[in-house]
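The structure appears below as structure tokens.
In what follows, chains carry the letters A, B, and so on, assigned in the order in which the sequence lines appear, proteins first and then strands, with residues in each chain numbered from 1.
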Protein chains: 2
Amino acid sequence: MLAFLSRVDGAMNSNGDGMAQARETGTLGKLMVLLDLVTHADGPLRFTDILALAGQPRGTLHRQLSHMVEEGLLELDGDGRYAPGLRLLDFAARSWARNEFRLIAEPHLADLQQATGETVHLGVLRGQSIIYLDKVDGRQPVRMYSQIGNASPCYCTGVGKAALSLLPADRLADLLADLSFTRFTAATHVSAETLLAEIREIAVEGYAFDREEHEAGIRCVAAPVWSEDRTFIGGISITGPAYRLSMELLRQWAVPVQRAAGQIMEGMRIRLGPRR
Amino acid sequence: MLAFLSRVDGAMNSNGDGMAQARETGTLGKLMVLLDLVTHADGPLRFTDILALAGQPRGTLHRQLSHMVEEGLLELDGDGRYAPGLRLLDFAARSWARNEFRLIAEPHLADLQQATGETVHLGVLRGQSIIYLDKVDGRQPVRMYSQIGNASPCYCTGVGKAALSLLPADRLADLLADLSFTRFTAATHVSAETLLAEIREIAVEGYAFDREEHEAGIRCVAAPVWSEDRTFIGGISITGPAYRLSMELLRQWAVPVQRAAGQIMEGMRIRLGPRR
DNA sequence: AATTAAGTTCCAAATAATGGAATAACGCCG
DNA sequence: CGGCGTTATTCCATTATTTGGAACTTAATT
């Protein structure tokens with residue numbers, strides 16, 4: 001049911017500088033396409049399935065898949081079906097555990113959750129997607145992976161639009177040019193024009209809303225966050241059901257969200273020093 | 001504080017079988033060594049650091065790192081330091097979300113948590129490490145990534161020893177021959193002999209204990225779990241502080257843990273059919 | 001047993017990776 | 001500002017790996 005994300009994330013390494021230069025990553029690039037293919041599929045794929053999707057010669061594909069299985073990036077079950085490898089979990093767990101941005105943001109996310117009682121997210125822009133780095137849910141032990149690590153479109157999430165408002169005009173234009181819109185709800189932006197208009201507004205106001213644009217019945221208010229070296233461009237948000245979060249309430253919450261965002265950025269300055 | 005894990009997990013792809021058939025994964029293998037290097041480091045690494053650790057020519061290394069950054073496997077910050085890439089999170093989130101074994105086990109883990117009130121883990125053997133696939137903690141919203149995805153040594157965890165008890169003698173011998181022991185506590189096995197003796201016992205009894213072997217003050221009881229095609233060999237465990245979990249209590253809990261393990265395996269049979 | 005489909009192995013040709021050295025950028029200090 | 005040590009990046013002939021078509025093996029079907 002989340003299969004549509006494939007589109008979105010697949011475009012993640014579009015280096016959209018106008019001319020669409022095919023990626024220059026040699027052998028690795030080809031293997032990553034395969035990894036993308038398998039991880040984005042709805043279930044395990046057999047050799048022939050991948051062969052059809054990848055459009056490569058049999059011999060080549062076979063060696064590539066074998067190497068990836070050998071390295072633990074993919075797993076091959078008893079029925080000859082390929083699935084994402086669990087070694088990826090180990091890599092990701094380490095990537096996440098030591099991420100400076102997340103570590104610094106953590107306490108401020110918790111504060112914001114306490115203050116509002118609603119779910120708080122931290123996300124960063126990667127390519128055209130928002131990758132969620134953290135989530136604090138007020139209620140019972142949440143299945144964290146359910147959100148952390150997930151990639152969502154930038155054009156229909158609060159964090160995404162907040163992030164876009166930070167981009168310089170030229171980078172924003174490039175990104176929008178490469179963007180393809182999928183309508184998730186009646187409120188989803190489906191054209192660069194309306195999106196750009198809202199982003200301009202967000203850049204002025206300093207906060208963004210998601211007016212049930214990604215999921216019906218879910219609203220949020222978000223504020224942009226960035227690191228000084230611009231490695232991280234993203235945002236934090238408070239998310240909840242529309243029946244509980246009126247637009248008026250969200251407007252009030254813009255203040256604490258912006259304050260938390262400011263504290264996180266201040267924390268980065270202190271921690272990482274004034275370099276660059 | 002968990003930095004010591006680096007050592008241990010590093011051994012996951014140690015091909016240290018005396019003479020070491022060098023891995024036959026071509027270019028990919030070389031890149032994975034680098035990814036391992038960066039993800040296992042204590043912090044971001046500069047080019048020169050990696051150069052020293054990898055022992056490769058400058059030109060080669062530079063191109064390799066560039067490709068990996070381009071693909072999102074690594075990230076390069078403003079100070080020229082390499083860190084694990086966030087794209088790994090997206091891969092891992094997908095790998096985890098659709099893992100059949102975990103999906104089937106989930107409700108039984110929750111049951112077991114309810115019955116005992118203590119923390120429940122699900123892990124599988126990958127190489128010489130146990131990778132934790134799931135965790136159910138009774139108390140407050142836990143930072144899930146803190147455990148899920150983490151790789152721990154097989155020789156000093158309940159799940160690990162339970163998993164080892166499932167291996168046929170020859171595979172077990174191979175694995176033990178390659179194993180290098182790190183003493184974490186006074187109770188840690190540090191020789192293949194004593195470990196093998198305990199594993200034999202576990203194979204008879206059908207359950208394993210961790211008697212504060214990995215972390216002082218932490219005990220657990222575990223039972224082996226495997227899929228019919230042997231793709232997954234692992235276990236589930238109940239873990240908690242020694243002051244609350246006497247060895248006597250753990251012995252009593254062996255029964256419900258084994259029952260839950262049985263239910264999970266039954267679930268796999270039904271779900272995946274009697275193939276292979 | 002015959003037939004089709006699915007997966008695996010082989011090897012000359014094409015391509016990408018290699019690695020030593022030259023070049024460029026940075027950071028520090030006088 | 002200019003020089004010096006450090007660090008990072010680019011270049012290109014050589015070398016090793018990947019490529020891809022076809023032959024081969026294995027498994028499933030009738």
Side-chain angles (χ1 to χ4, degrees), chain A residues 13 15 21-38 41 43-71 73-83 228-231 272-276, chain B residues 15 21-38 41 43-71 73-83 85 228-231 272-276:
Chain A
N13 24 337
N15 42 5
Q21 77 197 66
R23 236 174 320 156
E24 271 313 326
T25 49
T27 302
L28 177 60
K30 296 164 196 165
L31 296 177
M32 294 304 283
V33 169
L34 292 181
L35 188 54
D36 243 357
L37 232 156
V38 175
L45 298 175
R46 290 209 319 275
F47 180 82
T48 318
D49 302 329
I50 303 176
L51 185 64
L53 291 166
Q56 292 201 77
R58 310 169 75 73
T60 300
L61 183 64
H62 187 263
R63 179 183 37 79
Q64 289 169 332
L65 293 176
S66 300
H67 284 184
M68 291 172 79
V69 168
E70 177 86 17
E71 289 294 343
L73 297 181
L74 297 180
E75 310 212 337
L76 181 56
D77 71 18
D79 297 333
R81 301 179 311 172
Y82 292 87
E228 291 206 336
D229 66 0
R230 297 260 149 177
T231 304
L272 302 178
R275 327 195 136 251
R276 285 222 144 255
Chain B
N15 40 6
Q21 88 213 37
R23 239 175 315 158
E24 271 314 324
T25 48
T27 302
L28 177 61
K30 297 165 196 165
L31 296 178
M32 293 303 283
V33 169
L34 291 181
L35 187 54
D36 244 359
L37 232 155
V38 175
L45 297 175
R46 290 207 321 275
F47 181 82
T48 317
D49 302 328
I50 304 177
L51 186 64
L53 291 166
Q56 291 200 77
R58 311 171 73 74
T60 301
L61 182 64
H62 187 264
R63 180 183 35 79
Q64 288 169 332
L65 292 176
S66 300
H67 283 184
M68 290 171 79
V69 168
E70 177 86 15
E71 289 293 342
L73 297 181
L74 296 180
E75 311 211 336
L76 181 55
D77 70 18
D79 297 333
R81 302 178 311 171
Y82 292 88
E228 291 206 336
D229 66 1
R230 297 262 150 175
T231 304
L272 302 179
R275 331 196 130 249
R276 284 221 146 256

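- One atom, CG of Leu31(B), and another, C1' of dA17(C), lie 10 Å apart when rounded to the nearest Å.
- Side chain of Asp77(B) to backbone of Asp79(B): a donor-acceptor contact under 3.5 angstrom is found.
- Within the 4.5 Å cutoff, the side chain of Leu34(B) has heavy atoms near those of the Leu61(B) side chain.
- One interatomic measurement links the two molecules: CG of Leu65(A) to P of dT9(C), which rounds to 13 Å at whole-angstrom precision.
- For Phe47(A), the ring-ring contact (aromatic ring centres under 6.0 Å, His included) partners two or more places apart in sequence, or in a different chain, are His62(A).
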**Request:** For each nucleotide in nucleotides 10-19 of chain D, reading 5' to 3', give B when a protein heavy atom comes within less than 4.0 Å of its base, S when such contact involves only the sugar-phosphate, and - otherwise.
**Result:** B------SSB

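- One can place CG of Leu76(A) at 10 Å from P of dG7(C), the figure rounded to the nearest angstrom.
- In this structure, the side chains of Tyr82(A) and Asp49(A) stay at 4.5 Å or more apart for every pair of heavy atoms.
- In this structure, Leu61(B) atom CG and dG20(C) atom P are separated by 14 Å, rounded to whole Å.
- Shown here for His67(A) and Gly26(B), the closest heavy-atom pair between the two residues is CE1-N, 4.0 Å.
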**Request:** Mind running side-chain contact (heavy atoms from CB on, under 4.5 Å) on Leu53(A) and Leu45(A) for me, showing each step along the way?
**Result:** CA-CA 10 Å; Leu53(A) 291 166; Leu45(A) 298 175; 4.1 Å; yes

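- One atom, CZ of Phe47(B), and another, P of dT9(D), lie 7 Å apart when rounded to the nearest Å.
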**Item:** Footprint string (nucleotides 25-30 of chain D, 5' to 3'): B base within contact, S backbone only, - free, heavy atoms under 4.0 Å
**Value:** ------

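- For Arg81(B) and dA8(D), the CZ to C1' distance is 16 Å, given to the nearest whole Å.
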**Request:** Just do the side chain to side chain donor-acceptor pair (under 3.5 Å) check on Glu70(A) and Thr25(B) with the steps written out, would you?
**Result:** CA-CA 7 Å; Glu70(A) 177 86 17; Thr25(B) 48; over 6 Å; no

**Request:** Could you check Met32(B) against Leu73(A) for side-chain contact (heavy atoms from CB on, under 4.5 Å), going step by step and ending with a plain yes or no?
**Result:** CA-CA 10 Å; Met32(B) 293 303 283; Leu73(A) 297 181; 3.4 Å; yes

